[in-house]
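Indexing begins at 1, ligand by ligand and atom by atom, following the structure's order. Side-chain atoms are counted along with the backbone in the values below, which use heavy atoms only and exclude waters and symmetry mates. The residues of the chain are indexed from 1 along the displayed sequence.
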Amino acid sequence: MNHFEKYCTKFVQSVGSKDGAVSPTLTNSASFAYVTPEIAEGIFDGSVKKPLYSRMGNPTTSKLESILADMDGGVGAVATSSGMAATTLATMSIVSAGDEIISVGGLFGGTYALFSETLSRFGVKTTFFDVDELKNIQEAITENTKIIFLESVGNPNMRLPDIRAIANIAKESGVALIVDNTITPLIVSPLELGADIVVYSTTKIISGNSSALGGCVVFRAIEDGEDKFKTPRYKDLEKIIKKAGKIALIPIAKKRALRDFGMSANAHASYQTMLGLETLALRLPRIVNSVEFLAKELTKQGVKVNHPCLETHPHHQRYLTDFKYGCGTLLTIDMGTKEKAYHFLNATKIATITANIGDSRTLALHMASTIYSDFDDETKKFLGITEGLLRISIGLENPEDILEDFLNAAK
Ligand SMILES: *Cc1c(COP(=O)(O)O)cnc(C)c1O
């Protein structure tokens with residue numbers, strides 16, 4: 001069976017309902033009435049399972065959360081207002097001033113700025129490593145290290161991590177592993193590979209149509225016996241874990257981040273995200289095939305493409321063994337100079353110039369002059385940003401049409 005088939009059944013069956021309204025019910029209410037003061041008390045102490053206030057949870061958003069938790073085999077999920085909010089929620093609910101984060105691979109510009117600038121203002125220090133620096137990653141772990149953060153595919157450097165090896169380091173040292181799986185939902189199952197928490201920007205391929213900003217964090221269950229979150233490293237989580245048990249990472253996220261920072265998803269975005277999610281398992285394999293076709297054909301025609309399906313890519317073997325279902329919608333093209341990259345963008349008739357990825361349409365962006373324009377030369381070098389670099393996110397168009405258009409634009 002095609003790897004994506006099981007999700008085709010799961011998504012449409014879980015998004016739609018067989019009782020009453022077939023399309024998910026959109027609960028457009030910020031607050032909820034409690035009927036009696038006794039029920040209000042129960043809702044606040046958790047003994048009555050009814051909505052409290054939409055910052056802490058909304059029925060439409062809960063439906064999205066349960067589908068995404070199920071998709072990744074998690075015990076639960078918390079949806080957020082954006083992908084950056086998901087990363088912020090996942091990290092801020094765990095770290096305090098004086099703690100350290102180890103960031104591996106990638107890195108999405110917003111996440112890099114969050115770690116290097118914003119969290120450092122609050123006394124949280126992040127050290128950045130390439131995916132293959134396993135020894136340095138191991139050696140960098142101290143008693144203050146609370147999180148190893150990893151992107152499933154380097155955006156835009158297209159480097160692929162050995163997720164299992166990094167998860168082993170996290171396991172042996174008892175440090176939480178958070179994987180940003182935005183680019184590879186369904187393709188990579190981080191919890192199965194040993195991650196503790198998965199973050200998504202649902203704005204991208206999960207919604208797939210640029211209609212809703214959103215994010216989601218999926219959590220694994222806390223083990224009954226020993227668990228890394230029960231060790232002295234995570235002492236300040238002890239109380240919630242004792243009280244909540246298996247599902248503790250959910251109240252940890254809600255009480256230590258969502259409640260006070262308020263990065264909550266809005267119901268309308270959750271609704272639209274579910275409409276996109278229904279067809280994710282159809283869109284993704286089609287796009288992955290187009291990406292491979294284009295990477296190979298463009299390379300044959302002399303265009304400088306970066307994608308791990310190419311034999312010349314340093315992680316080609318890892319692509320074949322660990323990324324059997326592809327690595328998402330991205331490839332990059334290095335046009336050599338900014339002028340040539342701009343010429344390409346002005347000449348393409350198919351690509352939409354925008355900062356998004358994972359859309360139904362093919363999208364393109366010049367990296368150095370946009371997302372990375374604020375970054376110094378050394379950081380750009382670390383992140384693989386060259387002057388002529390274009391990030392391309394392939395869409396659902398006929399791949400032959402894209403090829404013809406790109407060959408024309410690259411002239
Ligand atoms: C887009 C993106 C984010 C941030 O998501 P937003 O929804 O734009 O906040 C985080 N990580 C990756 C890998 C992304 O591509």
Side-chain angles (χ1 to χ4, degrees), residues 61 64 68 72 77-92 101 103-119 126 128 131 147 149-161 163 178-188 190 195 197-218 257-258 261-266 268-270 272-273 276-277 280 284 287 291 323 326-332 352 354-359 363-365 367 370-372 383-385 391-395:
T61 298
L64 172 66
L68 290 178
D72 270 338
V78 177
T80 55
S81 55
S82 69
M84 277 317 301
T87 300
T88 304
L89 175 135
T91 51
M92 291 298 255
I101 296 174
S103 170
V104 184
L107 191 64
F108 177 70
T111 309
Y112 184 79
L114 171 70
F115 289 169
S116 64
E117 292 172 28
T118 305
L119 287 185
T126 302
F128 298 90
V131 286
I147 292 168
F149 188 93
L150 173 71
E151 264 180 29
S152 61
V153 177
N155 166 14
N157 72 13
M158 301 308 298
R159 290 173 66 75
L160 301 177
I163 301 179
I178 301 180
V179 174
D180 181 340
N181 202 32
T182 298
I183 299 186
T184 46
L186 312 187
I187 289 173
V188 172
I197 299 170
V198 192
V199 305
Y200 289 102
S201 164
T202 58
T203 317
K204 313 292 170 57
I205 190 74
I206 290 180
S207 288
N209 49 36
S210 202
S211 70
L213 192 69
C216 195
V217 188
V218 180
L258 190 73
F261 292 110
M263 64 282 269
S264 324
N266 84 64
H268 203 272
S270 300
Q272 283 169 304
T273 303
L277 183 62
L280 174 63
L284 199 50
I287 294 178
V291 168
F323 291 79
C327 64
T329 69
L330 295 182
L331 55 82
T332 63
T352 301
T354 179
N356 194 12
I357 59 170
D359 198 85
L363 315 176
L365 193 66
M367 292 282 95
T370 59
I371 296 176
Y372 298 93
L383 297 172
I385 314 300
R391 181 183 70 190
I392 314 277
S393 178
I394 299 300

### Message
Looking at Ser201 and Thr182, would you say the former's side chain and the latter's main chain have a donor-acceptor pair under 3.5 Å?
### Response
no
### Query
Taking the side chain from Ser82 and the backbone from Leu213, do they hold a donor-acceptor pair closer than 3.5 Å?
no
### Task
With sequence neighbours left out, write down each residue that passes ring pair (Phe, Tyr, Trp, His ring centres under 6.0 Å) with Phe128, or none if nothing qualifies.
Tyr112
### Message
So does Thr203 get a backbone contact from the side chain of Ser207, meaning a donor-acceptor N/O pair under 3.5 Å?
### Response
no
Pairs of nitrogen or oxygen atoms, one from ligand 1 and one from the protein, closer than 3.5 Å: please tabulate them with distances.
{"unit_1": "ligand 1", "atom_1": "5 (O)", "unit_2": "Ser201", "atom_2": "OG", "d": "3.0"}
{"unit_1": "ligand 1", "atom_1": "7 (O)", "unit_2": "Gly83", "atom_2": "N", "d": "2.8"}
{"unit_1": "ligand 1", "atom_1": "7 (O)", "unit_2": "Ser201", "atom_2": "OG", "d": "2.8"}
{"unit_1": "ligand 1", "atom_1": "7 (O)", "unit_2": "Thr203", "atom_2": "OG1", "d": "2.7"}
{"unit_1": "ligand 1", "atom_1": "9 (O)", "unit_2": "Gly83", "atom_2": "N", "d": "3.0"}
{"unit_1": "ligand 1", "atom_1": "9 (O)", "unit_2": "Met84", "atom_2": "N", "d": "2.8"}
{"unit_1": "ligand 1", "atom_1": "11 (N)", "unit_2": "Asp180", "atom_2": "OD2", "d": "2.7"}
{"unit_1": "ligand 1", "atom_1": "15 (O)", "unit_2": "Lys204", "atom_2": "NZ", "d": "2.8"}

### Query
Donor-acceptor pair, Asp180 side chain versus Thr87 backbone, under 3.5 Å?
no
### Summary
Distance col, row Leu119:CG vs Thr111:OG1, nearest 0.5 angstrom, shows 10.5 Å
